[in-house]
2 protein chains.
Amino acid sequence: MMELTRKGEYAVRGIIHLARQPYGNVALLSDIAEEAEIPQTFLAKIFQNFAKLGFINSYRGTGGGFSLARPASAITLRQVVEAVEGPIAPNRCVTQGGECDRSAACVVHDVWRRVQLQTLEILDGVTIEELARKSK
Amino acid sequence: MMELTRKGEYAVRGIIHLARQPYGNVALLSDIAEEAEIPQTFLAKIFQNFAKLGFINSYRGTGGGFSLARPASAITLRQVVEAVEGPIAPNRCVTQGGECDRSAACVVHDVWRRVQLQTLEILDGVTIEELARKSK
DNA sequence: TGCCTTCAAGACCATTTTTATCCTTTTTAG
DNA sequence: CTAAAAAGGATAAAAATGGTCTTGAAGGCA
């Protein structure tokens with residue numbers, strides 16, 4: 001239950017691998033995909049999205065590729081996960097504009113809210129830099 | 001991301017409604033389904049499962065229905081959720097027998113593990129009795 | 001200029017999961 | 001014996017997941 005999808009896993013692995021490059025270095029999609037063991041075309045979609053969101057820069061043509069658009073220490077795990085999976089919420093009633101009409105009546109609401117806040121706190125506290133720094 | 005399914009919601013709502021009956025009282029599936037606004041045939045499957053797991057008792061025939069098999073205070077939200085959604089895990093690498101071969105290499109492993117533990121702690125700490133007691 | 005490299009964007013598709021419904025059988029009370 | 005209820009299994013539509021493919025656009029270089 002409540003599992004990250006492949007896309008989410010790939011997104012995290014992909015950006016970690018990118019963050020392990022020397023800063024400013026432009027890496028090929030094909031290289032990152034191979035290193036991180038991710039289907040290249042799938043990773044392409046994910047990185048396209050990251051580029052739009054300003055996490056990474058993309059360069060086309062010969063010598064092109066991807067690089068981080070800001071220091072890895074300024075990108076949190078939460079940002080990456082939410083970018084691909086959408087807002088983190090253990091159930092519908094705690095999403096922004098959540099359609100929990102029963103919100104008042106919904107006695108489990110606070111519980112889910114607590115789960116959400118705890119999770120966000122953890123994921124906010126982890127940066128891609130920390131993850132990239134770890135061995136391997 | 002990481003949302004409870006309808007089935008999970010129905011399961012929680014359904015057992016809460018059952019827990020609001022006078023203890024020992026046998027309630028009709030059709031009544032619970034109507035009160036909790038859950039498709040009856042869907043709730044039937046959920047309750048069948050709960051019966052197998054020993055959360056509730058079922059009685060067939062005239063005058064039959066469902067009742068809690070143990071006090072609502074002895075059923076946790078975690079048990080209910082896991083019964084229908086499977087083990088709570090924010091990603092594959094933290095499930096029992098988790099197939100995270102990269103477990104060592106997986107630098108995010110501890111983070112997911114922490115999220116999992118926090119979530120379990122919260123859900124373990126809430127009983128159906130508490131939820132049923134709340135207004136409405 | 002033209003060609004090659006690399007990412008962008010959108011269409012497409014198979015599989016699995018979700019969210020149910022329906023029908024037949026079994027059990028039980030009266 | 002009959003009506004009431006749940007059990008159990010088959011079926012199915014819709015959505016999400018996990019991709020692939022094709023075409024286009026942009027940039028470097030001879």
Side-chain angles (χ1 to χ4, degrees), chain A residues 1-15 18 21 25-34 36-69 81 84-87 89 91-92 95, chain B residues 1-15 18 21 25-34 36-69 81 83-87 89 91-92:
Chain A
M1 179 233 173
M2 310 200 345
E3 278 178 21
L4 207 61
T5 63
R6 291 292 161 120
K7 186 155 91 166
E9 270 192 53
Y10 292 163
V12 173
R13 288 224 304 273
I15 203 165
L18 194 57
Q21 304 284 121
N25 191 297
V26 172
L28 285 178
L29 178 66
S30 53
D31 288 348
I32 300 290
E34 192 177 2
E37 298 177 77
I38 301 171
Q40 182 176 332
T41 54
F42 203 165
L43 185 59
K45 299 297 182 187
I46 294 167
F47 273 13
Q48 271 172 41
N49 190 232
F50 280 173
K52 275 188 198 153
L53 294 171
F55 293 159
I56 67 183
N57 291 127
S58 74
Y59 306 94
R60 309 216 264 198
T62 310
F66 296 90
S67 66
L68 287 188
V81 170
V84 292
E85 304 268 13
N91 90 343
R92 292 170 191 75
T95 55
Chain B
M1 178 232 172
M2 310 199 346
E3 278 178 21
L4 207 62
T5 63
R6 290 292 161 123
K7 185 156 91 168
E9 270 192 55
Y10 293 163
V12 173
R13 288 225 304 274
I15 202 165
L18 193 57
Q21 302 285 121
N25 190 299
V26 171
L28 286 180
L29 177 66
S30 53
D31 289 347
I32 300 290
E34 192 179 2
E37 299 176 76
I38 301 170
Q40 181 176 333
T41 55
F42 202 162
L43 185 60
K45 299 299 183 186
I46 294 168
F47 273 13
Q48 271 172 42
N49 190 233
F50 280 173
K52 275 187 198 155
L53 294 170
F55 294 159
I56 68 184
N57 291 127
S58 73
Y59 306 94
R60 309 217 265 198
T62 310
F66 296 91
S67 65
L68 287 189
V81 170
V84 291
E85 305 268 13
N91 91 343
R92 293 172 191 73

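These numbers come from the heavy atoms of this one structure, side chains and all, not from hydrogens, waters or symmetry mates. What you see is a predicted model; the values in this text were computed from it and never measured. Quick note on labels: first sequence line is chain A, next is B, and so on, each numbered from 1.
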Tell me: CZ of B:Arg60 to P of C:dT24, nearest whole Å?
-> 17 Å
Relative to the 5' end of DNA chain C, which residue comes earlier, A:Ser58 or A:Thr62, by the nucleotide with the nearest heavy atom?
-> A:Thr62
Hey, can you pull the residues of residues 39-54 of chain A with a non-hydrogen atom under 4.0 angstrom from DNA chain C?
-> A:Lys45, A:Gln48, A:Lys52
Can you tell me how far C1' of C:dT18 sits from CD1 of B:Ile38, to the nearest Å?
-> 16 Å
NZ of B:Lys7 versus P of C:dT21: gap in Å, rounded?
-> 15 Å
Taking atom C1' of C:dT19 as reference, at what distance in whole Å does atom OH of B:Tyr10 sit?
-> 8 Å
When you check the side-chain N and O atoms of A:Gln48 and A:Ser58, is any donor under 3.5 Å from an acceptor?
-> no
How close or far is atom C1' of C:dT19 from atom CG of B:Leu4, stated in whole angstroms?
-> 14 Å
Compare every heavy atom of A:Ile56 with every heavy atom of A:Phe66, then report the nearest pair and how far apart it is.
-> CD2-CD1, 3.6 Å
In this structure, are over 12 heavy atoms from other groups packed under 6.0 Å from B:Gln40 atom CD?
-> yes
Trace of the side-chain contact (heavy atoms from CB on, under 4.5 Å) decision for A:Ile38 with A:Arg6 | CA-CA 10 Å; A:Ile38 301 171; A:Arg6 291 292 161 120; over 6 Å; no
For the pair B:Glu9 and A:Arg92, find out whether any cationic side-chain nitrogen is under 4.0 Å from an anionic carboxylate oxygen.
-> yes
Counting only N and O atoms by type, is there a donor-acceptor contact under 3.5 Å from the side chain of B:Glu85 to the main-chain atoms of B:Leu4?
-> no
Any chance you could measure A:Phe55, atom CZ, to A:Leu18, atom CG, to the nearest 0.5 Å?
-> 12.5 Å
Hey, is the main chain of A:Glu37 close enough, under 3.5 Å, to the side chain of A:Arg13 for a donor-acceptor pair?
-> yes
Earliest and latest nucleotide of DNA chain D, 5' to 3', sitting under 4.0 Å from a non-hydrogen atom of chain B?
-> D:dA3 to D:dG18
Whole-Å distance between C:dT19 P and B:Glu9 CD?
-> 9 Å
In whole angstroms, the gap separating P of C:dT6 from CD1 of A:Ile32 amounts to 14 Å
Exercise: identify the closest heavy-atom pair between B:Leu68 and B:Asn57 | O-OD1, 3.9 Å
Atom pair distance, as rounded to whole Å: CG in A:Asn57 and C1' in C:dA8 | 15 Å
